[in-house]
Amino acid sequence: MRIKFGQKLKTKSLKGKLWLCSDLHFYHDNILKYQQDTRPFDSIDDMNEFIVEHWNSVVSDTDIVFDLGDMFFCSVDKCEAILNRLQGHIIHLAGNHSKVLRNSLRHSQCYDHFEFSLDGRLIVLNHYPMRVWNRSHYPNSFHFFGHCHGALEPYRNSLDVGWDVHQRLLPIEEAIELAKQAPLTDKFAFYAAEK
């Protein structure tokens, strides 16, 4: 299934689940050095294999995965080899390490920014975090991002879905619930009156 920008979806009409992830960094040797606590692997090949196995253990062929950037740090051939092993339909958002994905891979949906609604909730996706986003002052608007590797303090209705935060792909419903729990709020938002 392909999802178009701005499309209105209902969970009951989807054939599979929706998943979110970011910053998988396949083949990025230095990520093992920078993120030792969340990537305790002996080699980049071990890490790559672990992530592929995890992905395929939770994602089915009818699922859709939103990759919010920095999936690869390698050549086109290596990117395609990994993509050919992953289940589900992937919609990519470009990150700062996404040149190969953006410029060289065929048959990939790749965006800088993506929005859709799910059961009346606006979902705003980007590799980079935004302090405000489309309808961010409403309680049913959610922003998911990566890039920060867990270094940014959570902000109400937004969430870093990166591998180094969760060490797994997140089902979108769980991501929404986690985003609602973030402590920082916008004092001008409509949801501020809900306290």
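Throughout, residue positions are numbered sequentially from 1 according to the sequence presented.
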Using every non-hydrogen atom in the two residues, find where [X] and [Y] come nearest and quote the distance to one decimal.
{"X": "Lys17", "Y": "Asp63", "value": "N-OD1, 2.7 Å"}
{"X": "Ser60", "Y": "Gln87", "value": "CA-NE2, 3.9 Å"}
{"X": "Arg39", "Y": "Leu24", "value": "NH1-O, 2.9 Å"}
{"X": "Ala94", "Y": "Asp112", "value": "CB-OD1, 3.9 Å"}
{"X": "Ile90", "Y": "Met71", "value": "CD1-CE, 4.4 Å"}

Is a donor on one side and an acceptor on the other found under 3.5 Å between the side chain of [X] and the backbone of [Y]?
{"X": "Asn48", "Y": "Phe26", "value": "no"}
{"X": "His143", "Y": "Leu159", "value": "no"}
{"X": "Ser22", "Y": "Gly162", "value": "no"}
{"X": "Ser141", "Y": "Asn134", "value": "yes"}
{"X": "Asn157", "Y": "Ser136", "value": "no"}
{"X": "Asn140", "Y": "Gly120", "value": "yes"}
{"X": "His92", "Y": "Gly69", "value": "no"}

| Interatomic distance, Ile3 atom CD1 to Leu9 atom CG [nearest 0.5 angstrom] |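 The CG atom of Leu9 is 5.0 Å from CD1 of Ile3, to the nearest 0.5 Å.
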
Please work out which of the three classes, parallel, tilted or perpendicular, describes the rings of [Y] and [X], given edges at 30° and 60°.
{"X": "Phe66", "Y": "Phe116", "answer": "parallel"}
{"X": "His147", "Y": "His127", "answer": "perpendicular"}
{"X": "Phe142", "Y": "Phe144", "answer": "parallel"}

| Phe50 reachable from Val58 in the ILVMFWY side-chain graph, under 4.5 Å edges |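 Val58 and Phe50: one cluster.
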
| field | Pair Arg85 + Glu80: basic N to acidic O under 4.0 Å | value |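 Between Glu80 and Arg85 there is no salt bridge, as every charged N stays at least 4.0 Å from the carboxylate O atoms.
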
| message | How about CG on Asn84, more than 12 heavy atoms from neighbouring residues, nucleotides or ligands closer than 6.0 Å, or not? | response |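 Buried by this count: over 12 neighbours within 6.0 Å.
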
| For Asn30, does the CG atom sit with more than 12 other heavy atoms under 6.0 Å from it, leaving out its own atoms? |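 Correct, the count exceeds 12.
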
| task | Check side-chain contact (heavy atoms from CB on, under 4.5 Å) between Phe73 and all other residues, then give those that pass, not counting sequence neighbours. | result |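 Phe73 satisfies side-chain contact (heavy atoms from CB on, under 4.5 Å) with His28, His97 once adjacent residues are dropped.
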
| message | Just to verify, what does Trp19 make a ring pair (Phe, Tyr, Trp, His ring centres under 6.0 Å) with, not counting sequence neighbours? | response |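 For Trp19 there are no ring pair (Phe, Tyr, Trp, His ring centres under 6.0 Å) partners, ignoring immediate neighbours.
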
| field | Co-members of Phe145 in a cluster of I, L, V, M, F, W and Y side chains, linked at under 4.5 Å | value |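 Phe145 shares its hydrophobic cluster with Leu152.
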
| request: Verify ring pair (Phe, Tyr, Trp, His ring centres under 6.0 Å) between His113 and Trp133, making sure each step is shown before the conclusion. | output: CA-CA 11 Å; His113 175 88; Trp133 59 92; over 10 Å; no

| request: Kindly state whether the ring of Phe72 and the ring of Tyr27 have centres lying under 6.0 angstrom apart. | output: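 They do not qualify: ring centres at least 6.0 Å apart.
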
